[in-house]
Amino acid sequence: MEKNASPTKPQENTGLPAGYTPAAAESAWCEKWEQQKLHHYDPSRPRAETFVVDTPPPTVSGALHIGHVFSYTQTDIFVRFQRMLGKNIFYPMGWDDNGLPTERRVQNLFGVRCEPAVPYKEGYKSSGPKKDLKDYEHISRRNFLELCEAQTAEDEKRYEALWRRLGLSIDWRQTYSTVGEHCRKTSQLSFLDLFKKGFVYSAETPTLWDTTFRTAVAQAECEDREANGFFHDIKFQVQGGGDFIIATTRPELLAACIAVVAHPDDARYKHLFGKTALTPLFKVRVPIMPSEHADPEKGTGIMMVCTFGDIADVEFWRKHKMPMRQLISRDGRLNALTYVQEFLDSADLETAKNNYAQLAGLYAKQARNKTVELLRTEGSLVGEPRPTKQAVKYYEKGDQPLEFVPARQWYIRILENKPALLEQGKKVAWHPDYMYKRYEQWVEGLNQDWCISRQRYFGVPFPVWYPVDHEGNVEYANPIVAGAERLPVDPQTDCPPGYTEEQRGKAGGFVGDHDVMDTWATSSLTPMINSRWADDKTRHAALYPADLRPQAHEIIRTWAFYTITKSWMHENSVPWHNAGISGWVVSPDKGKMSKSKGNTITPEGLLQTYSADALRYWAGKAKLGHDTIYDESVFKVGMRLANKLFNASKFTMLQLKSPAAAGAKLGPADITEPLDRAWVEHLKGIVEASRKDFENYDYAAVLLYVETAFWDFCDNYLELVKNRAYSGKPEAARSACAALDWTLSVFLRLFAPFMPFITEEVWSWSYAASTGRPSVHKAPWPSAAEMPSAAGDKLVLESARKMMEAIRTKKAAEKRSVKWPVARLAVECGPRQAAALKLALEDVLLAGCVDKAGVTLKEAASDETPLTATVELGAA
RNA sequence: GCGCAGUUAGCUCAGCGGUAGAGCAAUCGCCUUACACGCGAUGGGUCACAGGUUCGAAUCCUGUACUGCGCACCA
């Protein structure tokens, strides 16, 4: 026979009323809340009563995963608490749908590439995904953008459905999409404002470049990846005699060498400073110079500077105003053969040409191998390459190393404003507080201004044109910016003031800026997008700065930092008063859950299996900032808790036929029995703590002890008093019912932020009517002041609990059922406890099936004497 | 190299000066006028290590070792 199988009841009995299934009930509540406008923001109420959330707009690129459920639920839990405090909640939702993730998704889904030169096709339809890259259809920019918009609109519908199903208490009238008109307008207005204030500039300078996506990227979007590289020892000749050996991991950059440097104090190389070296293969004359950034301990102590291997090369090149020998082109290949003649100062042009001819057009990695081969042939390679571990910079979404490539880009001035930005960061309350450290460390470590232009398509264009002079040169130094009243504009289709469309791209005419903004340039404005900074001054004043920014820790360097930056630059303000930083969901092997590992979990199935309340319970158990291991057994625990809430409520309200449930008003005055008063006293403590902890963003602590208190309530207090509640003694029963009535209303409210569905369901049975609050989610957060009755003595509860424990232990040891009679019960304890116990004795005897005649109570002299109980069971 | 967080029962975690806790898992039982998706009981721990402060340290301080993350360097 199956374990736990019941001989009298069918196994499939769920304990829930017929027809009640969590999934159906939860969906029904979603609709009801929407009809009741429960989550609507009320603009007529004052700012002081309002709580504003700067919700993260999820990237719209396919599907939401369990990590989203986790962090968005945590925010919702806190928001629901605020709502129960009586706050007017502004809780919007945005969709981050512009940028590369969408472009990539659309490319793959439809088998297309954006090719701006291709003309627009009316009513274009894709023929679906393509297996081979060469089969991809090249379509116009407008067709491409149309596909992007259609695709994201569809994804957003699915996202919204999931959020509703999860019970996020969002005001669905407050939404935005980062590529929508309002965000384009806000982003462009932001650009104009920064332009006017001098915070933004354009410059043609070496910039971090992804050769696959062929766009500039910002420092914040880079990550280091460890790679196995090789040190190559290469011999350089010194003009006028002598040689030395440099060690490099990037020999393919040899043709881009502009100098050789060693530390100024390095005795080995001091005598070479001021002389000229000849590079191998190309015989290029390069100066040998002292430089502090050369480390005598590393490699051979002398190194080559190239345009450009890393940021140090860029800085050296800039500082010494060196020539530019840009070797790597925008697609990641080495320049054409003409490079040798145009850029290299070679002492042996023929040799240089012959060698370079074998490298021109190769990708950097191929060129590396070829260069090594050539060096070996020439005899300039000393020994064999030595393996080494190195960290290589990648664009976080890319799979080829980044290069530094000179290109004209727009930048926001970060470096000179670091001190102010650090100060702004300090004005925000971070939860947990140590997350400020990450912000600080990031700001301090920045070494480049924020590059905001991207050479992509699906994004917000710059509201900028450039005049073209009579020789056809574009005058980048004299940008024409759009007037604020025209925004949003698309410089590719709109005309700058004073020009006509015929003059586009012509000498004496104009060109439109062809770039789009970094996604973060828009999402850094979310508090201002929500407040309608761009077009509604009144609303902006009411909603800005926000109260809470919830977000994950890995985007402190981007989203949090950029938002703080823009708020300071535009409004000289912090964007929000609090930053709640959520942790991650990690896989059971403690790795990050990721699509590439195939261990991401889709939430829809889990919602069906476990219910939204169960998933929310899991999210609510995790503290802010703490990572959580994905563990389905916690969903089961949550499901059980919801079930228990349901059953305990059903029992109390329907089966005990509490007078309260029948409509009678029960209040503190009805709670007369000492045991009931002791319980109420105990519960008051929990209620008080919950408010304090919640206000400190420690919702997880609240859930922990409220849950414990609830199970304790069910297993001990409820078990103790249910017999009395059934009993014929009206006053004693009334006392129990009054205590139970308040207790349940407290638990339902305490659990409501975590498990909004089951609590609302139960609340609707009678509390909605008895309290005049149709929804538990707008009922007041419980407070001890609701029960002003005289303090109960908790020792009464404690003593009763100990007695029950002794009786249960005995019955378990004897393998007897709970209702097996107790023939004799001998208790010994101090006088104070004895007095307390007497007050609850009747309930204990009833619950424990104890024969009243067999009870003896011995009072010890001292209150120090602990309570001991000797139990003897009777015959059947 | 610098910084932040962590190390408590088999697992996941709470506790943050006053007798080591919970859930899950394990084991043994129990149909009990809410719930067998339930209930009761049992076993299980040098609180990473070493010093110090204290009447008293898992808790405070110092150091060490691991783990995770962030930043920097990357010839």
Side-chain angles (χ1 to χ4, degrees), chain A residues 3-9 11-16 224 226-227 229 231-234 246-250 261 293-295 297-306 309-313 388-393 432 434-447 553-554 556-557 583-584 586 588 590-592 621-623 625-629 631 633-634 636-637 639-656 700-701 704-705 707-708 711 714-715 718-719 722-723 726 804-805 807-820 847 849:
Chain A
K3 203 183 159 193
N4 284 343
S6 160
T8 57
K9 288 178 191 169
Q11 189 64 27
E12 55 273 17
N13 186 341
T14 62
L16 298 176
D224 285 347
E226 195 171 81
F231 269 122
H232 306 77
D233 293 332
I234 300 173
I246 63 113
T248 178
T249 54
R250 296 202 64 185
V261 298
H293 87 277
D295 181 353
E297 302 291 315
K298 277 194 181 161
T300 55
I302 188 161
M303 62 192 273
M304 63 175 182
V305 177
C306 306
D310 58 25
I311 187 78
D313 287 348
T388 177
K389 294 259 182 230
Q390 53 177 164
V392 181
K393 285 213 183 308
Y434 58 77
M435 286 296 177
Y436 170 72
K437 274 275 170 194
R438 293 222 190 170
Y439 176 86
E440 183 183 75
Q441 208 171 16
W442 174 254
V443 176
E444 281 170 352
L446 278 162
N447 56 30
H553 50 67
E554 85 275 17
I556 289 175
R557 54 145 93 173
W584 278 348
V586 296
K590 305 207 177 180
K592 197 185 171 189
K621 290 287 266 189
K623 286 182 171 177
H626 284 227
D627 292 350
T628 283
I629 293 177
D631 180 3
S633 70
V634 180
K636 290 183 191 157
V637 176
M639 209 164 58
R640 281 214 300 260
L641 174 59
N643 199 45
K644 192 77 173 175
L645 256 170
F646 193 103
N647 280 306
S649 305
K650 185 185 66 172
F651 175 57
T652 311
M653 292 158 68
L654 306 181
Q655 196 151 344
L656 289 181
L704 191 71
Y705 59 65
E707 183 191 12
T708 305
W711 286 100
C714 292
D715 298 340
L718 188 54
E719 288 297 328
K722 69 181 181 187
N723 296 300
Y726 272 127
M804 290 306 295
E805 196 184 302
I807 294 168
R808 285 164 174 168
T809 306
K810 182 69 178 175
K811 287 181 181 174
E814 307 267 315
K815 302 190 178 179
R816 296 303 188 187
S817 78
V818 174
K819 65 173 183 185
W820 195 271
C849 305

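Note that this is a predicted model, so its numbers are computed, not measured. Below, read A as the first sequence line, B as the second, and so on, with proteins coming before strands; counting in each chain starts at 1.
Across the protein-nucleic acid pair, A/Trp711 atom CH2 and B/rG21 atom P stand 22 Å apart, rounded to whole Å. Atom P of nucleotide B/rU12 and atom CG of A/Leu704 are separated by 17 Å, given to the nearest angstrom. Between the CH2 atom of A/Trp584 and the P atom of B/rA5 there is a distance of 18 Å, rounded to whole Å. In this structure, A/Asp631 places its CG atom 13 Å from P of B/rC11, rounding to the nearest Å. Remark: C1' of B/rG70 and OH of A/Tyr439 are 16 Å apart, rounded to the nearest angstrom. When the C1' atom of B/rA25 is taken as reference, atom NZ of A/Lys636 falls 11 Å away, rounded to whole Å. The separation between A/Lys389 atom NZ and B/rA75 atom C1' is 18 Å, rounded to whole Å. Rounded to whole Å, the distance from CD1 on A/Ile246 to C1' on B/rC74 is 15 Å.
A/His553 comes within 4.0 angstrom of no nucleic acid atom, judged by non-hydrogen atoms across all strands. A/Cys849 comes within 4.0 angstrom of nothing in the nucleic acid, heavy atoms only. At the heavy-atom level, A/Lys810 lies nowhere under 4.0 Å from the strands shown. At the heavy-atom level, A/Ala391 lies under 4.0 Å from base atoms of the strands shown. Within 4.0 Å (heavy atoms only), A/Phe231 reaches sugar-phosphate atoms of the nucleic acid but no base atom. Contact annotation for A/Lys644: base contact, defined as any heavy-atom pair under 4.0 Å involving a base atom. A/Asp715 comes within contact range of the sugar-phosphate backbone alone, with a heavy-atom separation under 4.0 Å but no base atom that close. A/Thr708 comes within contact range of no nucleotide atom at all, as no heavy-atom separation falls under 4.0 Å. A/His293 comes within 4.0 angstrom of a nucleotide base, judged by non-hydrogen atoms across all strands. Across all strands shown, A/Ala294 has heavy atoms under 4.0 Å from base atoms, whether or not it also approaches the sugar-phosphate. No contact: A/Lys811 has no heavy atom under 4.0 Å from any strand.
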- [ ] Apply the test side-chain contact (heavy atoms from CB on, under 4.5 Å) to residues A/Val637 and A/Glu707: give CA-CA distance (whole Å), side-chain angles for both, the deciding distance (0.1 Å), then the verdict.
- [x] CA-CA 11 Å; A/Val637 176; A/Glu707 183 191 12; 4.0 Å; yes
Open item on the list: Does A/His553 form a side-chain contact (heavy atoms from CB on, under 4.5 Å) with A/Arg438? I'd like the steps, not just the answer.
Closed with: CA-CA 9 Å; A/His553 50 67; A/Arg438 293 222 190 170; 3.4 Å; yes
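Under the 4.5 Å side-chain criterion, counting only non-hydrogen atoms from C-beta, A/Thr248 is not in contact with A/Met303.
A donor-acceptor contact under 3.5 Å is not formed by the side chain of A/Lys815 with the base of B/rC30. Between the base of B/rA34 and the side chain of A/Glu719 there is a donor-acceptor pair shorter than 3.5 Å. Between the side chain of A/Asn447 and the base of B/rC71, no donor-acceptor pair of N or O atoms lies under 3.5 Å.
Across B/rC49 and B/rG6, the matching C1' atoms stand 15 Å from one another, rounded to whole Å. B/rU8 and B/rC35: their C1' atoms are spaced 34 Å apart (whole Å). For the C1' atoms, the distance from B/rG51 to B/rU67 is 23 Å, rounded to whole Å. Distance noted for atom P between B/rG56 and B/rG52: 12 Å (whole Å). Between B/rC13 and B/rA25, the distance separating the two C1' atoms is 14 Å to the nearest Å. Using C1' as the reference atom, B/rG15 and B/rA22 are 10 Å apart when rounded to the nearest Å. Here the separation of B/rA5 from B/rC74, taken at their C1' atoms, is 26 Å to the nearest Å. Comparing B/rA58 with B/rA48, their C1' atoms are spaced 12 Å from each other, to the whole Å.
Stacking is not found between A/Phe646 and the pyrimidine-like six-membered ring of the B/rC35 base under the 5.5 Å centre-distance and 30° plane-angle cut-offs.
The aromatic rings of A/Tyr726 and A/Phe651 lie perpendicular to each other, with more than 60° between the two planes, well past the 30° mark.
A/Asp313 places a side-chain N or O within donor-acceptor distance of the main-chain N or O of A/Gly309, the cut-off being under 3.5 Å. Of the possible donor and acceptor atoms, one in the side chain of A/Lys811 sits under 3.5 Å from a partner among the backbone N and O of A/Val818. A donor-acceptor contact shorter than 3.5 Å is absent between the side chain of A/His626 and the backbone of A/Gly583.
Nearest nucleotide to the side chain of A/Lys819, out of B/rA75, B/rC71, B/rU33: B/rU33. Nearest to the side-chain atoms of A/Lys393 among the listed nucleotides B/rG3, B/rC74, B/rA75 stands B/rC74. Side-chain proximity of A/Arg640 to B/rC37, B/rC71, B/rA34: nearest is B/rC37. When each of B/rA72, B/rG3, B/rA75 is scored by its nearest atom to the side-chain atoms of A/Trp442, the top-ranked nucleotide is B/rA72. Listed candidates were B/rC74, B/rU33, B/rA75. Nearest to the side chain of A/Asp310 is B/rA75. The side chain of A/Tyr434 approaches B/rA5 more closely than any other nucleotide in the set B/rA5, B/rA34, B/rA75. Nearest nucleotide to the A/Arg557 side chain, out of B/rG70, B/rA41, B/rA14: B/rG70. Nearest nucleotide to the side chain of A/Gln655, out of B/rU32, B/rA34, B/rC37: B/rA34.
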Open item on the list: Reading 5' to 3' and counting Watson-Crick or G-U wobble pairs with both distances under 3.5 Å, write the dot-bracket notation for RNA chain B, | for bases paired outside the strand.
Closed with: ((((((((.[[[[.)..(..]]]].(((((.......))))).....[[[[[..)....]]]]])))))))....
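For the residue pair A/Glu814/A/Trp820, the side-chain donor-acceptor check at 3.5 Å is not satisfied.
Within the structure, a side-chain polar atom (N or O) of A/His626 is placed less than 4.0 Å from OP1 or OP2 of B/rA14. Taking side-chain N and O atoms only, A/Lys623 has no distance below 4.0 Å to OP1 or OP2 of B/rU12.
Between atom NE2 of residue A/His232 and atom OG1 of residue A/Thr249 there is a gap of 8.5 Å, rounded to the nearest 0.5 Å. To the nearest 0.5 angstrom, A/Trp711 atom CH2 is 8.5 Å from A/Leu645 atom CG.
For the residue pair A/Met304 and A/Arg250, the shortest heavy atom distance occurs at CE-O, 3.8 Å.
B/rU46 has its base syn relative to the sugar, with a glycosidic angle deviating from 0 by at most 90°.
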